[in-house]
Every structure is written in structure tokens, then in C-alpha cells.
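Worth knowing before you read on, the calculation uses all heavy atoms, side chains too, and leaves out hydrogens, waters and symmetry mates. The first residue in the sequence is number 1, and the count goes up from there.
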Amino acid sequence: MSKKIDVIVDIPALQTNQNFTYLVDDSLENLVKVGSRVLVPFGQAGRPVQAYVISIESQANLDDLKNINALLDPEPMLNSELISLSNWLADQTYSFRANVLRAMLPNLLKLNTRRYVLVNEEKISKNEVLDLLGVEQANDLRIAELTHMQQAKLNEWVNQGVVELKYAIADTAKIKTEMQVYPNLSESDLKIEVSQLASNATGQIKLLKLLGTLDEDGIAQKKLINEEKIGRSTIESAEKKHWIIRKAIEKYRNPFQSKTVQSDSALILNSEQKIAKNMIDRQIKSKDSTPILLEGVTGSGKTEVYLQSIAEVVKQGKTAIMLVPEISLTPLMVNRVRARFGNQVAVLHSALSDGEKFDEWRRIVRQEVSVVVGARSAVFAPLQNLGIVIVDEEHSSTYKQEDTPRYSARDVAVYRARTNKCPVVLGSATPSLESRARAEKKVYNLVQMKERANKHDLPTIKIIDMRKELNSRADETFSKGMLTAINDRIAKKEQIVLLLNRRGFSSFVMCRSCGFVLKCPNCDVSLTMHVDTHSMRCHYCGHEEVIPKACKNCGSDKIRFYGTGTEKVEKQLAKLVPDAKVIRMDVDTTRRKGAHERLLDRFGNHEADILLGTQMIAKGLDFPDVTLVGVLNADTSLELPDFRSAERTFQLLTQVAGRAGRADKEGEVLIQSFNPDHYAIKLAQKQDYEDFFIKEMYLRKLGKYPPYFFTVQVAVSSGEEKTAAKVAFDIVNKIKKVVSDRSVILGPSPRSIAKIKQKYFYQLVIKFQKEPGLDQVLRSIRDEAQKQYRQGISISIDPEPQVFI
Ligand code: ADP
Ligand code: ZN
Ligand code: ZN
């Protein structure tokens with residue numbers, strides 16, 4: 001008896017955004033599960049496409065259903081919880097279901113179809129076919145590259161039965177194997193074999209002796225060859241003589257950057273931590289999935305609370321997900337989790353290779369791990385029996401995906417917790433206004449930790465008014481106060497963290513004769529100078545050109561480099577503080593895999609006095625000898641045209657200030673600013689989140705911004721500016737018809753960076769509280785977007801966008 005299955009095919013398009021039904025025959029029916037990937041014949045030609053099983057019914061009496069072609073994985077890569085999650089998430093993000101399912105799975109689980117021609121050589125010679133098609137081989141045919149004449153002939157042949165067009169699937173998922181060697185002789189047999197060998201057969205004798213020392217787990221062939229220096233031919237002949245058995249065994253790739261981690265045990269919680277832990281424990285027990293907002297100052301020991309809560313659910317045989325903003329920046333966090341849970345931990349983040357990600361995914365699917373630590377997409381980890389979800393630094397904008405599907409991992413975490421009837425903990429020193437406001441309304445449970453766990457005071461924070469420093473600055477980047485403090489720490493052999501929110505050497509090149517600024521030819525932004533590569537680079541599209549010696553506009557040689565970047569500051573430091581060793585950490589020095597961790601290790605080992613970096617150094621670092629944190633340009637994030645710029649500035653300054661004085665030595669933080677009276681900077685100085693929350697909520701209310709209003713952004717891009725603008729205006733008119741005048745529509749207007757990669761961008765933002773008709777219009781805009789996409793116009797709908805510039 002066969003079964004009937006419903007699938008979503010892996011083609012994100014309007015026409016395919018629905019269930020399709022297939023048959024599974026007896027041989028496979030027990031293996032196909034909800035969440036399995038299968039291959040199904042699709043469309044008129046029956047082209048095989050990947051599909052995801054979303055439901056299974058026994059009993060199928062419809063004879064006209066087609067059979068699936070294949071089951072792609074021995075175990076389902078998703079589970080029924082994630083399948084139903086995908087339905088909800090597609091709705092939330094105005095995406096097609098296939099987009100969501102794709103985003104959930106690791107990259108390697110994507111299929112490529114190849115087409116090839118099978119020639120019926122009784123009717124035509126193979127060469128004749130190859131000649132006409134103009135190809136060397138018929139096993140990788142790109143139809144789109146054939147002329148129309150060639151395509152017509154090909155179709156004619158197919159119809160006449162002269163050739164057949166076949167599809168081959170290249171499944172990119174690869175399992176890594178290693179050859180393992182197992183001894184196959186008893187002790188007495190070994191002795192006999194040795195005695196029968198000529199004494200000059202040293203390789204074979206050595207191998208036999210070694211075999212005697214092995215247990216049944218055997219030894220890796222690689223090890224035999226590389227470490228024991230046994231030749232490949234010796235191994236092969238040993239196999240022929242049945243001394244050994246060789247098997248290819250499946251190997252997981254090791255995703256951890258540091259190989260081993262010293263294990264540690266739970267600390268004794270202080271009273272604030274206990275209150276937090278008790279609240280979580282109570283909710284675990286009562287299966288209460290109300291989100292818990294854990295608002296704890298930097299260093300209050302939130303991580304310890306997370307770890308002990310995870311330990312609680314693991315003890316009960318359940319599993320846990322812990323999300324961190326961007327794991328490649330926080331190897332220390334991964335190590336803390338591994339120190340507690342050892343090899344029960346899987347890790348998923350963007351710095352892993354596709355192969356490593358695939359292997360970690362399979363360890364999760366096979367229930368070999370109980371804790372998953374990872375960045376945004378780890379929220380989709382196919383764990384069974386989820387017992388807790390933790391979102392560390394819940395305010396971080398990295399939890400929002402900026403591509404289709406534009407989901408918020410924080411919202412997905414809350415949803416998964418509800419489905420699994422388990423708690424979700426949102427932790428931060430500076431919660432997002434959205435989360436904090438929900439706690440205010442008792443939609444979330446709030447628990448606060450106001451003291452540092454190690455009883456050290458929060459560092460003192462001083463603001464240096466750069467306007468007053470204009471005449472007495474040491475140079476254009478460093479105030480006198482900053483430089484004195486740096487020299488003081490260097491003399492005491494203490495360490496310093498310097499934050500500068502801009503990579504590269506200087507921000508732009510301007511001609512002092514004519515005011516010309518060198519811009520990227522593809523994007524509407526100025527190019528940044530990079531001394532290490534001797535080039536001007538675009539940070540949006542990667543365009544690179546030589547550093548100009550004269551103005552490209554007027555030919556004058558009076559060009560000047562304005563602004564400052566990490567590279568330039570590194571040079572300045574070398575002049576101003578020649579004795580200090582500096583480690584620079586930015587996108588450019590951390591491109592290679594594991595680079596973050598190597599640089600941080602070196603800093604931890606005191607191989608440098610100063611860690612200079614972009615905001616990537618603000619999070620999660622915990623170095624006991626850092627006693628000075630300097631922020632060189634607090635204003636860069638304030639200047640952004642985004643209603644969250646004050647919130648972001650407050651968060652960044654609070655985060656980075658938390659890096660000072662983590663251990664016994666007292667910490668100091670110096671912030672250089674041209675806007676020292678701005679409330680975000682003043683309240684960051686006081687480390688007063690609650691005051692900031694009240695002030696900022698008041699401004700959001702006035703401005704009709706989140707969390708008082710919802711926002712949706714629609715962006716249109718096209719190679720032609722006119723077209724982008726026109727489509728954006730059409731959309732606004734459609735929306736205006738359904739929304740009331742209590743809502744606000746901003747735009748359409750060109751983006752502040754109006755042109756990126758040769759495309760012009762127009763956007764509009766709708767601010768609303770309740771608009772029952774809006775959802776429907778947005779869905780219809782999405783559905784039509786597909787037609788326009790073919791004309792080179794792309795339209796994106798972004799609910800609760802995190803980036804407005
Ligand atoms: P947060 O995540 O809130 O910034 P951490 O968890 O990193 O704080 O804790 C800061 C420091 O305090 C760490 O060095 C940690 O080992 C220590 N710590 C945390 N909880 C305790 C405790 N209960 N007793 C002693 N030390 C603690
Ligand atoms: Zn000029
Ligand atoms: Zn560019």
C-alpha cells in the first residue's frame with residue numbers, strides 16, 4: 001500500500017507557492033517523514049525538483065498521482081515543528097514558503113540539476129548530435145546557451161525518439177569519510193605471520209607489530225602513513241593477505257576553532273542571579289512560555305544564568321538553543337558553553353564552511369547533541385524536545401535578516417518557545433525598546449540584575465568634549481586627555497581597548513581646489529583609502545582603484561584625505577605612542593577563518609598593549625587586564641538618519657564601556673564626542689538604561705515610531721532611476737487606498753545611499769497601529785513583484801526593518 005504526501009517544491013515563485021501531492025510506494029513509505037527532502041517530477045516535462053514533505057496521509061486511492069523520484073536523505077533534515085513554523089514565517093515576512101524552507105537548511109543541502117542527452121545510436125550517430133549542438137560531451141547541456149535553431153532541432157529529435165533528454169541531479173551535500181584500518185589477526189596468527197617474513201621486510205614487520213597493539217577501534221589510515229611511516233603499498237598488501245580490514249567511515253568536520261576547552265563547573269549564584277534562575281526554573285516546570293526579559297548590566301553574570309538554566313533542561317533530557325549576535329566575534333562565548341557541556345554542543349554560524357555546517361546539522365538531526373550555540377539562523381536548529389531558548393544581546397540588529405526572508409530570529413525564538421511550551425530568555429544590558437516596552441505592559445516577564453557579579457563597580461566614564469579640544473588636541477584623532485591615559489596604562493603594563501567606528505585609512509578624498517570627492521562608479525558613496533592594499537575601495541560593492549595623485553576633475557594636486565579609519569589610527573598610534581604594540585581588528589584583518597580568535601588570543605596573551613577595532617570589539621570580550629577603554633568617535637552612529645540612532649549609540653557605548661575593569665583592577669572609559677550634551681551620550685555615561693528607556697520612549701511616542709507604531713518598509717530598485725521612482729509611487733497609491741489617516745506614510749524617497757551596485761533605490765515606510773487592510777495589499781504587491789522582477793525591477797517588503805538608510 002502506498003502513501004500520499006503533500007510537498008512544497010523548492011521553487012520560490014507565486015505559481016508554486018502551494019502544496020503538491022505525490023505518491024510514495026511501499027519500498028520508501030516508512031522512510032519518508034514530514035521534513036524529508038524528496039525529489040519529485042514537476043511540471044509537464046516531469047523535471048525532477050527538490051521538495052519538502054509537509055504532510056503524509058496513509059491510503060492513497062488517486063491513481064493519477066505521480067510517484068516521487070527519490071528520497072534524498074536517510075533522516076529528515078527538518079522536523080514537523082519546523083515545517084509548520086515555515087508556514088507562519090512565510091506569512092510574517094511576505095515570503096514564499098520555499099524561500100523560508102531554503103533559509104532554514106544549511107547551504108550544502110541545495111541541489112543542482114544537470115541535463116544530458118541520451119542518444120539512441122540505432123537512429124543517429126552520437127557525433128552528429130554533438131556536432132549540431134556544438135558541444136564536446138552531451139552530459140552537461142546548458143539549454144539556455146544553445147541557439148534557437150539548435151533548440152528547435154533538439155526538440156524535433158526528442159519528439160522523434162532519436163534522443164532523450166535526461167536530468168541528472170548533483171546533490172551538493174557531501175559526507176566526509178576517512179579510511180580506517182582494523183586488525184584482522186589473532187595474537188597467535190600475528191606471531192606466525194611475523195616468523196614467516198624475511199627479516200628485511202621491515203615495513204611489514206613493523207605493521208604486524210603495530211597491529212598487535214591495536215584494539216577493535218583500529219587506527220586511521222592517515223595516521224598509519226603519516227605518523228607510523230607505514231607505506232601505502234604495505235597497507236594494500238596487508239589487506240590482500242587479510243591481515244587487516246579497511247573501511248571508509250563517516251567523519252564529522254571539526255567546526256570549533258580551538259580544539260580543546262578546559263571543562264569547568266557551575267558557580268554559586270549570587271542573590272540577583274538566583275532570582276533570575278528561579279523565575280526561569282518555575283517557567284520550565286510550569287511549561288510557561290512567556291518570554292523572560294533578563295535585563296542585567298554588563299558583567300552581572302547573565303551568561304552564568306544561561307548556562308545553569310540550560311543545564312537544568314539538559315538534566316531533564318531536553319535540548320537548548322542559545323543565540324549570540326555573531327558567533328565569529330564571540331569565540332569566548334562558545335568556549336564557555338563547551339566548558340560546561342563538552343561534546344554535547346553543536347555550533348552554527350556564518351564563519352563555518354558549508355561542509356562543517358552540514359556536519360553540525362546532521363549531529364543535531366541525529367540527536368547527538370543537546371545544546372546548539374549559534375548566530376541568527378541557528379534558531380532553526382532541528383532539535384527535538386526543546387526545553388529553553390536563549391537570545392543573548394537580544395537588542396542586536398544582527399538578529400534581523402536583511403534578505404528574503406526578512407525574519408527576526410528573536411521573534412522566531414519566541415514562537416518556537418511557545419510551540420514547545422518552554423521558556424525563552426531575552427538577555428541584554430540594553431534591551432531593545434520593543435522588548436522593554438512589552439515587559440512594561442506585562443506581556444513579558446522582567447527580571448533585572450543591577451550589580452556586577454564580581455562586585456566590581458562599573459567603570460567610571462568621562463566624556464571628552466572635542467569641540468573644546470580643537471586647539472589643544474594632540475592630533476586630529478586623539479585628545480590630550482586620551483593620550484595621557486593611554487601613556488599611563490602603557491607605563492603600568494595594563495591593556496587598552498580603542499574603538500573607532502570606521503575601517504580603512506581615511507573616509508574620503510576631496511580636492512581642495514574644486515571640492516571634487518572621489519566616488520564609486522557603481523554606488524553613490526565615496527571611496528575609502530586602504531594603505532595596506534594601496535587602493536581606494538568601495539565598502540558597498542568592493543570596487544577598487546588606485547589612489548589618485550591628482551584630482552580627477554580639475555587635475556589639481558591639492559587633494560587631501562579627510563576623516564579617519566582604523567588603519568590611519570594605527571599609523572598615528574605608532575607615532576604618538578611608539579612603545580605600544582597594537583592589534584588592529586576590523587573586517588579587513590579578520591577576513592580569514594579563525595582570524596578573530598587568533599587576534600583575541602594574542603591580545604589575551606599580552607602580545608599587544610592596545611586592541612584597536614571597529615564595533616566588532618564591543619561585544620563579549622572579557623580581558624582582566626583591560627583598564628582603559630577609549631571611544632575615539634562616539635558621534636558616527638549618532639549622525640545616521642535612522643530613528644534608532646540614539647538607541648544604537650547608547651547600546652554601543654554601554655557595551656564597550658562594559659569591557660573595562662572586568663577583574664580586580666579598576667576600569668576607566670573615555671569617550672570623545674562633538675555632541676557631549678546629547679542624551680544618548682550623557683545617559684551612557686551614567687550607564688542608566690532605565691532613564692534612557694523613559695526618555696527614548698517619550699521621543700518615539702512623539703515621532704510615532706516603534707514600539708508605539710509598527711513599521712513596514714517597501715523598497716524598489718531598478719537600473720533606471722525613473723522606473724524605481726515610478727514603481728514606488730504606484731505602490732504608495734495602492735497603499736493609500738486602504739490605510740486610514742491615523743497611519744503615516746513616509747516617502748517614497750531615494751535612499752540616503754540612492755545607488756548601490758548600479759541600481760537605484762527608492763523606499764517608503766508605513767507607520768501604523770492597526771490597519772486590517774494593509775496585509776492584503778502588501779501580499780498583492782509581493783505577488784505582482786514577480787512580473788516586475790523579469791523587467792529588472794525588484795521590490796522587497798520588510799516588516800519592522802532595522803536599517804533605514
Ligand atoms: P554578563 O554576561 O552579564 O556580561 P558574565 O556572565 O560574563 O556577565 O559575568 C561576568 C564575570 O563575572 C565573569 O568573569 C564570570 O565568570 C563572573 N561571574 C558570574 N557569575 C558569578 C558568580 N555567581 N560568582 C562569581 N563570579 C561570577
Ligand atoms: Zn579638483
Ligand atoms: Zn561601489
Side-chain angles (χ1 to χ4, degrees), residues 262-286 288 290-316 320 322 324 330 332-341 371 373 387-395 423-431 435-436 439 444-461 619-627 629 654-667 669 686-691 693:
Q262 193 93 44
S263 70
D264 71 0
S265 48
L267 301 172
I268 297 171
L269 298 181
N270 63 33
S271 55
E272 285 188 328
Q273 287 174 315
K274 266 190 205 138
I275 292 171
K277 170 82 173 13
N278 286 342
M279 178 188 277
I280 298 167
D281 282 350
R282 268 199 312 276
Q283 289 196 209
I284 293 172
K285 219 174 186 174
S286 61
D288 179 354
T290 310
I292 298 167
L293 179 60
L294 176 55
E295 179 187 325
V297 299
T298 54
S300 57
K302 295 185 288 297
T303 310
E304 189 60 35
V305 174
Y306 304 151
L307 293 175
Q308 295 196 23
S309 304
I310 294 172
E312 180 64 35
V313 307
V314 170
K315 202 173 76 195
Q316 299 179 10
M322 175 159 165
V324 292
T330 49
L332 294 164
M333 186 59 117
V334 181
N335 287 349
R336 284 172 78 176
V337 180
R338 285 176 74 204
R340 224 34 89 75
F341 301 99
V371 184
V373 185
I388 194 167
V389 188
I390 285 158
V391 185
D392 187 31
E393 311 283 5
E394 67 89 34
H395 62 273
V424 49
V425 180
L426 310 177
S428 176
T430 53
S435 295
R436 183 64 185 77
Y444 290 0
N445 291 329
L446 177 65
V447 57
Q448 291 169 313
M449 302 202 301
K450 297 183 170 160
E451 305 270 319
R452 279 189 151 184
N454 51 20
K455 296 288 166 221
H456 295 296
D457 292 330
L458 285 167
T460 50
I461 301 179
K619 284 171 196 151
L621 304 188
D622 194 355
F623 295 113
D625 291 323
V626 171
T627 56
V629 169
T654 309
Q655 288 290 334
V656 74
R659 301 308 119 214
R662 307 273 293 184
D664 295 335
K665 293 171 191 150
E666 219 179 285
V669 179
K686 292 205 319 201
Q687 302 250 343
D688 194 337
Y689 174 79
E690 288 298 312
D691 254 11
F693 173 69

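Note that CG of Leu293 is 6.0 Å distant from CD of Glu394, once rounded to the nearest 0.5 Å. Taking CG of Asn445 as the start and CG of Asp288 as the end, the distance is 6.5 Å to the nearest 0.5 Å. The structure places CG of Asp691 at 5.0 Å from NZ of Lys686, a figure rounded to the nearest 0.5 Å. Note that CG of Leu307 is 6.5 Å distant from CZ of Arg336, once rounded to the nearest 0.5 Å. Within the model, atoms OG of Ser428 and CD of Gln655 stand 6.5 Å from one another, a figure rounded to the nearest 0.5 Å.
When all heavy atoms are compared, the tightest approach of Val313 to Ile284 is CG1-CD1, 3.6 Å. Nearest heavy-atom pair across Val371 and Phe341 is CG2-CG, 4.1 Å. Across all non-hydrogen atoms, the minimal contact from Arg452 to Thr298 is NE-O, 3.0 Å. Here the shortest heavy-atom pairing between Gly387 and Pro423 reads O-CD, 3.6 Å. When all heavy atoms of Ala276 and Val305 are compared, the closest pair comes out as CB-CG1, 4.2 Å. Contact between Ser300 and Gln273 at its shortest, heavy atoms only, is O-NE2, 3.7 Å.
Between the side chain of Tyr444 and the backbone N or O of Arg436 there is no donor-acceptor pair closer than 3.5 Å. A distance-only check finds no donor-acceptor pair linking the side chain of Ser435 to the backbone of Pro431 [under 3.5 Å].
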Does the side chain to side chain contact (heavy atoms under 4.5 Å, CB included) test come out yes or no for Tyr306 and Asp392, once each step is laid out?
CA-CA 9 Å; Tyr306 304 151; Asp392 187 31; 2.8 Å; yes

Using side chain to side chain contact (heavy atoms under 4.5 Å, CB included), reason through Leu294 and Leu426 one step at a time and then give a plain yes or no.
CA-CA 6 Å; Leu294 176 55; Leu426 310 177; over 6 Å; no

Would Ile275 and Val447 count as a side chain to side chain contact (heavy atoms under 4.5 Å, CB included) here? Give the steps.
CA-CA 8 Å; Ile275 292 171; Val447 57; 4.1 Å; yes

Set out, in order, the CA-CA distance, both residues' side-chain angles and the distance that settles side chain to side chain contact (heavy atoms under 4.5 Å, CB included) for Glu393 and Val324, then state yes or no.
CA-CA 7 Å; Glu393 311 283 5; Val324 292; over 6 Å; no

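Counting only heavy atoms from C-beta outward, the side chains of Leu269 and Gln308 approach each other to under 4.5 Å. Considering only heavy atoms from C-beta on, Val297 stays 4.5 Å or farther from Gln687 through its side chain. Side chains of Thr460 and Val669 form no contact here, defined as non-hydrogen atoms less than 4.5 Å apart. With a 4.5 Å cut-off on side-chain heavy atoms, Val425 and Val391 do not count as touching. Taking the side chain as every heavy atom from C-beta outward, Lys450 and Glu295 never approach each other to under 4.5 Å. Between Ile390 and Val424 there is no side-chain heavy-atom pair separated by less than 4.5 Å.
Gln448 and Glu690 form a side-chain donor-acceptor contact under 3.5 Å, judged by distance and modelled atom types alone. No side-chain donor-acceptor contact under 3.5 Å links Thr290 and Gln283.
Sorted by first and then second residue, the salt bridge (charged side-chain N to carboxylate O under 4.0 Å, His left out) pairs involving residues 269-279 (not counting sequence neighbours) are Lys277-Asp281. Contacts classified as salt bridge (charged side-chain N to carboxylate O under 4.0 Å, His left out) and involving residues 298-307 (residues at least two apart or in different chains) are given here: Glu304-Arg340.
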